[in-house]
Amino acid sequence: MTLDSKNYLKILFSILITLMIMAVIYSYYFIKHYPIPITNRISLDAKITFIKENIDIDSVDTIIVGSSIGLNNVQGETLQKSSTQAKSVLNLSVYEATPPQIEQILQLTPTFPNLKRIIYSAQYSDFAYEGKLKEYNATFIGSYIKGSLSTKEKFAFYFKSCQNIFFCIKRAWNWRDKYQQNNQFTYLGFDATGSVPLHIYGDDIIASRWQKPHSNRQNNRTFDALDRMSLRAKNLNIDFIFALQPYRQPLIDKFSHVAPTMQKFTQRVKNIMSKNSGKFIDLHSKLHLKDAYFADRSHLNDKGSLLSSQALGEFLDK
Amino acid sequence: MLFNSYEFIFLFLPITFFIYFYLNHKRLTEASKGFLVFASLFFYSWWNIAYLPLILVSMLFNYVVGTHLSKKRSTSKHYSSKSLLAIGILFNLGLLGYFKYSDFFITNFNMLFESGVPLLHLALPLAISFYTFQQIAYLVDSYKQETKEYDFLNYAVFVTFFPQLIAGPIVHHAQMMPQFAKAKNKVKNYRNIALGLFIFSMGLFKKVAIADSFAIWATQGFDVAQNLNMIEAWITSLSYTFQLYFDFSGYTDMAIGIALLFNISLPKNFYSPYKATSIQDFWRRWHITLSIFLREYLYIPLGGNRKGEFRTYFNLFSTFLLGGIWHGAGWTFVFWGALHGMALVIHRAWQKIDFKMNMILAWFITFNFINIAWIFFRAKEWEDAIKVLYGMFFGAITLPTPLKEYISIEGVAFGKWSELFYSDPQIFIWLLAGFVVVLFFKNSMQLKESFRPNIINLILTVLFFLSIFILYRKSEFIYFNF
């Protein structure tokens, strides 16, 4: 059916304008309910939104950083209860964060004026790969968290974040099933401090992650990043504590490459800590956790992370 | 300002459109032209205002020379029309040469004579290759008394009209000037607006949704990978072949669509080039306005086919060699131009002996030749081109492991079919879809011809416009570099 050109244009513009309005409304809804895409990592986006909405940045004295080993293996709330030193904990860990990425995340420390200590929770497997966060601007994120962006900056930020509306729809679509289930390794249901204790038991355990250890791959640049971030903390008068997290003992016993890799890794980290006046705690040797406390080879379940956090709290008080 | 940017689509274009037609509506036609020139120069300066004086000087110089040339054969005692034309052309080529080729010549000079002449590191002024050619054509035609006496404003609109300013189509004064002068074109034409939006949205979709998707894989193969297996190399080259097509034809569609909003019809620049069954056919379908320019202002003045067979081959080859150089200052472009020149010479020789070929085979050879030649067009270094070519013909073959049970060929390994593209198996669907679109779909010019303001085209326009939701992948058009 051929339309009159003028009517055709009227209909066309009506549809396009409606689509635009719908996109704006959806963007507003998305911003209010889901992590705004700020970086290229959903867990960091979710963490930034979480801090902005829930954390009193002036009171934070202890920050936990790391990959999932920091996010899942340390419960900030338990750490607060177990230590008289750590009164206000924030878990800034991000899934799959490499040491250079953690170094980038730690550029946010000026956002927390009363920060006294940084706890880096990790295992040797975290030091296998480098890689940096894309589109990461710590100054901007700091301002966003503090709420000091101007209206113009805020508008530009929301616009930029939501311009890929298909991405936002996909993120919202996946949010409940993928990121809100505590029996999955993608869980992003934060406790009051931003930690994510996993409730992975029985059938939810993934066999390959349980039975196969990490390779012995280690990347020198990741150690350089650790060196830089611990030195920076020292210069800022912030305590830097490296917490080596537990690993499933049966895998260490069964696979010959694991123990030497862990030993070598531990030594390198200890050297860096001692050079930069950092502290080191070996939770693996200290806790000797049984398999019942693990969700896979290196991630602890909520029972395990409780013990790990208590031990860490005690260490801080020593 | 990019056509595929929010500032262009939501601000610049609608504002320019409404003011232009408002001024025309108030019968301020000269003011409307003046506004169009101003808007076009603003559009041009958006990238870098430092380029503005250059285009203004070039425009003014060519206008003055052109006007002199068009006024009867020069009566001046001091110079002949021919020398004036020569000065005009030399000025244009000198400008282009200085900005585009200085460092290329210095690098080669240094290499040849082991000297250390420092490079100039000049930024290539945007669109210089296009507006230079456009104005050379104007000078030549003025010399031939084929131009009318245009005032400077009309001339400025012709050169700067923003839809075609940056990357063509290379327009001819005889096509453009009468359109700007036509009273009918000064009134909003709803059919043209509907058609313009349809073509523009299709171009936007081609660029943003298709070309920029292929670009990811082409970049991976050309710039990231150290070496490529056979499958990876073919994916890389085909991805670039499709990227370039959808990028440039997308840009051209957008330019044609925008111009139509202003009731200006830009010349056809693409006509399903990958359907070509010979290299000559290809150049009648790809970047048509450049081919016409090269034919009219280079090949024919060189003698065309009027000076014997050998000279025809020489003229053909030289024209395409220079066409290659026009695209970029680098030996890979020279080689690309030479490849096409040689192919055209061979094709002509075949025609001469009345050599006939099966259509499908002819298409297959033509397409593969073009695909291979694009490798040199895209590669930043010779090594990159060799890497892709080597992979295509001598790269390792790795088949998926499940096929191990059925196939046993020496030299064929089984495992991941690609380390580079393994996480993107959809690439095969994209390539297949790419072939289907370029070979079996109507092209935008055919769609333009048959356009009716009906429900199907309305839905298509809306769907194509959804590309604005992925404009975050803002990337320049490939031809902006030329």
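We name chains A, B, ... by the order of the sequence lines, and we start the count at 1 in each one.
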Seminar exercise, completed: Interface check, chain A: of B:I459, B:I193, B:N192, most non-hydrogen pairs under 4.5 Å belong to B:I193
Exercise. Out of B:V462, B:L466, B:I456, which one racks up the most heavy-atom pairs below 4.5 Å with chain A?
Worked result: B:V462
Exercise. Any chance the rings of A:F167 and A:F30 have centres within less than 6.0 Å?
Worked result: no
Problem set entry | Validation row, ring centre B:Y22 to ring centre B:F18 under 6.0 Å |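 No - the distance between ring centres of B:Y22 and B:F18 does not fall below the 6.0 Å cut-off.
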Is the backbone N or O of [Y] less than 3.5 Å from a side-chain atom of [X], with the two atoms forming a donor-acceptor pair by type?
{"X": "A:Y124", "Y": "A:H214", "answer": "yes"}
{"X": "A:N216", "Y": "A:T261", "answer": "no"}
{"X": "B:N24", "Y": "B:Y20", "answer": "yes"}

Problem set entry | Engaged part of B:N189 at the chain A interface, taking heavy atoms whose separation is under 4.5 Å | neither
Exercise. Counting a contact as any heavy-atom pair under 4.5 Å apart, which residues of residues 445-452 of chain B contact chain A?
Worked result: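 So the qualifying residues are B:F451, B:R452.
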Exercise. Heavy-atom distance under 4.5 Å between the side chains of A:Y8 and A:T2, does that happen here?
Worked result: no
Relative to chain B, which segment of [X] carries a heavy atom at a distance below 4.5 Å: side chain, backbone, both, or neither?
{"X": "A:I15", "result": "side chain"}
{"X": "A:L16", "result": "side chain"}
{"X": "A:L12", "result": "both"}

For this session: Indicate the atoms forming the closest heavy-atom contact of B:N229 with B:A396, along with that distance.
Result: CB-O, 3.2 Å
Exercise. Can a donor-acceptor pair be found between the side chains of A:D45 and A:T39 at a distance below 3.5 Å?
Worked result: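 A:D45 vs A:T39: donor-acceptor pair found between side chains.
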Problem set entry | Parallel, tilted or perpendicular, as decided by the 30° and 60° cut-offs, for the rings of B:F214 and B:W430 |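 The arrangement is perpendicular - the two ring planes meet at more than 60°.
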